[in-house]
Number of protein chains: 2
Amino acid sequence: MSVEHILLGVLSWMPNSGYGIKKEVEISGRELGWGRLSYGSIYPKLKKLEEEGFIRAVTAEREGRMTKIYELTAKGWRELADWLRCPPAPPEIRDELVMKISFWETGLPEDRETLIEHLELRRREAEEMMRHLEEWSRNGYSAIGELGGLAMDYWLDHLRLSIEWYGRVIRYLEGPPAPPRQDPHGLYEKARRRRQDALGPEESDLPKHPRR
Amino acid sequence: MSVEHILLGVLSWMPNSGYGIKKEVEISGRELGWGRLSYGSIYPKLKKLEEEGFIRAVTAEREGRMTKIYELTAKGWRELADWLRCPPAPPEIRDELVMKISFWETGLPEDRETLIEHLELRRREAEEMMRHLEEWSRNGYSAIGELGGLAMDYWLDHLRLSIEWYGRVIRYLEGPPAPPRQDPHGLYEKARRRRQDALGPEESDLPKHPRR
DNA sequence: CTTAACATGTAAGATGTTACATGATTCG
DNA sequence: CGAATCATGTAACATCTTACATGTTAAG
């Protein structure tokens with residue numbers, strides 16, 4: 001319920017254009033802390049915020065280009081402060097890789113190589129992301145004040161932890177193919193049987209080529 | 001692009017009802033790894049998946065109650081496997097608290113107490129969440145196999161890190177009110193001035209009572 | 001001269017949430 | 001007997017993404 005507030009917050013750092021806001025919040029194509037912000041949502045929202053008097057457009061010349069720079073009005077600063085005072089919503093994490101890992105042993109137990117590939121790709125992406133972040137925070141931009149720096153640390157620490165965990169899972173997968181299994185409720189065995197009953201013994205054993 | 005696949009994955013653990021799927025995936029009202037799953041999206045999707053032949057309803061009696069239990073068909077198992085083989089989308093994290101912290105010094109610099117309250121509330125929630133998770137993983141349910149256990153570790157490690165970080169920020173905020181500031185680009189000073197120009201000197205200094 | 005980056009926007013469509021509606025059963 | 005939990009569903013609404021459309025300027 002508040003892409004609007006993210007926009008007001010970014011504009012509190014400095015007056016900016018729609019294009020500039022996206023650049024400000026994204027690091028290598030991803031947004032930290034706010035899923036994604038696409039132009040398709042930024043521009044209409046900025047228009048709406050202007051109509052409602054939270055921001056004001058100052059069509060300006062920036063390095064030779066015509067740019068529509070927005071800045072906060074008194075009403076906008078007040079709205080931002082009110083929003084900041086409200087208790088924040090709980091965090092939402094959407095991580096397809098971790099979900100796939102949770103489903104792997106019941107859904108595709110015979111194919112460990114593909115999962116290792118997923119993990120290695122993700123690990124490379126995360127390392128790339130960390131490099132960008134470290135460089136960015138050295139520039140001092142967008143991390144305004146000490147709190148901004150602490151927020152940066154938050155993302156860096158979590159990235160570091162994720163990278164470490166990807167390695168841990170890869171090491172597990174590269175180990176012996178059938179380790180002794182803790183299965184107090186027999187769920188894994190039952191799942192394996194249901195799958196075999198549905199697919200037949202041949203298909204449930206033969207890994208196929210990945211698509212996409 | 002795949003609440004559907006989450007449903008197929010959870011059904012691969014065991015045949016289940018719409019109600020049961022939600023219970024399975026949520027821990028104290030939050031879903032790990034997949035934002036939220038509301039009944040308003042679960043039931044229509046299950047219906048659609050059944051119409052398309054990925055799952056099959058087995059209306060059954062579970063502890064005296066009439067329950068619509070769904071299970072995967074051969075087509076459903078195949079679709080799950082195909083999805084698992086696809087490279088996963090990058091993770092999305094939506095964390096309003098961390099965003100608010102990034103905006104705090106430009107948006108509401110004079111009010112540190114409210115931010116400390118936000119952080120303490122969040123820390124309590126995270127500790128509560130950790131307790132639930134630890135208990136849950138001791139039961140052995142829903143963490144099928146070693147990989148399920150590793151996924152559990154992933155959430156626990158991240159929760160632990162977050163709790164540690166909340167403490168760090170609280171300690172910083174409880175420290176001296178105006179620490180020496182690194183501001184190589186003068187962004188903080190400029191933001192402060194823009195805010196004061198827009199709001200006037202009185203309003204920009206007086207914290208108000210929190211709403212909600 | 002052509003590619004990448006800068007820059008703004010719209011419209012259709014997918015997606016998901018909230019609130020509502022309903023009813024059974026269990027437990028204190 | 002009332003509250004909580006189990007259980008299923010719908011409809012209106014809010015939200016966001018994707019793809020498209022368009023044009024400029026800088027750099028190689």
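A, B, ... follow the sequence lines: proteins, then strands. Residue 1 opens every chain.
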Nucleotide [N], atom [atom2] - distance to [atom1] of [X] in whole Å:
{"X": "Arg36(A)", "N": "dA14(C)", "atom1": "CZ", "atom2": "P", "result": "19 Å"}
{"X": "Ile21(A)", "N": "dC6(C)", "atom1": "CD1", "atom2": "C1'", "result": "15 Å"}
{"X": "Ile42(A)", "N": "dA7(C)", "atom1": "CD1", "atom2": "P", "result": "13 Å"}
{"X": "Glu92(B)", "N": "dG16(C)", "atom1": "CD", "atom2": "P", "result": "11 Å"}
{"X": "Lys45(A)", "N": "dT8(C)", "atom1": "NZ", "atom2": "P", "result": "18 Å"}
{"X": "His5(A)", "N": "dA14(D)", "atom1": "NE2", "atom2": "C1'", "result": "15 Å"}
{"X": "Glu24(B)", "N": "dC6(D)", "atom1": "CD", "atom2": "C1'", "result": "15 Å"}
{"X": "Arg94(B)", "N": "dG16(C)", "atom1": "CZ", "atom2": "C1'", "result": "11 Å"}

Next on the checklist: Which label fits Trp104(B) and His118(B): parallel for a plane angle under 30°, tilted from 30 to 60°, or perpendicular past 60°?
Outcome noted: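 Because their plane-to-plane angle is over 60°, the rings of Trp104(B) and His118(B) count as perpendicular.
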Bending between helix ends of the helix from dC1(C)-dG28(D) to dG28(C)-dC1(D) [5 pairs per end, 10° resolution]: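 Here the helix ends are tilted 40° relative to one another.
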Considering only nitrogen or oxygen atoms on both sides, find all protein atoms under 3.5 Å from nucleotides 8-12 of chain D and state each distance.
from	atom 1	to	atom 2	distance (Å)
dT8(D)	OP1	Lys68(B)	N	3.0
dT8(D)	OP2	Tyr19(B)	N	3.0
dT8(D)	OP2	Tyr43(B)	OH	2.8
dT8(D)	O5'	Tyr43(B)	OH	3.4
dG9(D)	OP1	Lys68(B)	NZ	3.0
dT10(D)	OP1	Lys47(B)	NZ	3.1

Lys45(B): what forms a salt bridge (Lys or Arg N to Asp or Glu O under 4.0 Å) with it, not counting sequence neighbours?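 By the salt bridge (Lys or Arg N to Asp or Glu O under 4.0 Å) rule, Lys45(B) matches Glu4(B).
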Could you list the residues that satisfy salt bridge (Lys or Arg N to Asp or Glu O under 4.0 Å) with Lys23(B), not counting sequence neighbours?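 Partners of Lys23(B) under the salt bridge (Lys or Arg N to Asp or Glu O under 4.0 Å) test: Glu26(B).
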* For Tyr166(A), the option from Arg124(A), Arg123(A), Arg122(A), Glu120(A) that meets side-chain hydrogen bond (donor to acceptor under 3.5 Å, both in side chains) ->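 Considering Arg124(A), Arg123(A), Arg122(A), Glu120(A), a side-chain hydrogen bond (donor to acceptor under 3.5 Å, both in side chains) with Tyr166(A) is found only for Arg122(A).
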Is it true that [X] and [Y] make a salt bridge, defined as a side-chain N closer than 4.0 Å to a carboxylate O?
{"X": "Lys100(B)", "Y": "Glu96(B)", "value": "yes"}
{"X": "Asp157(B)", "Y": "Arg160(B)", "value": "yes"}
{"X": "Arg112(A)", "Y": "Glu146(B)", "value": "no"}

Got a sec, which residues hit ring-ring contact (aromatic ring centres under 6.0 Å, His included) with Trp155(B), two or more places apart in sequence or on another chain?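 Listed in chain order: nothing, the list is empty.
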Exercise for review: Please list, chain by chain and in numerical order, all residues satisfying ring-ring contact (aromatic ring centres under 6.0 Å, His included) with Tyr43(B), sequence neighbours excluded.
Suggested key: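 Tyr43(B) satisfies ring-ring contact (aromatic ring centres under 6.0 Å, His included) with Tyr39(B) only.
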- Taking only side-chain nitrogens and oxygens of Ser38(B), does any of them come within less than 4.0 Å of OP1 or OP2 of dG16(C)?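 False: Ser38(B) side-chain N/O out of range (4.0 Å or more) of dG16(C) OP1/OP2.
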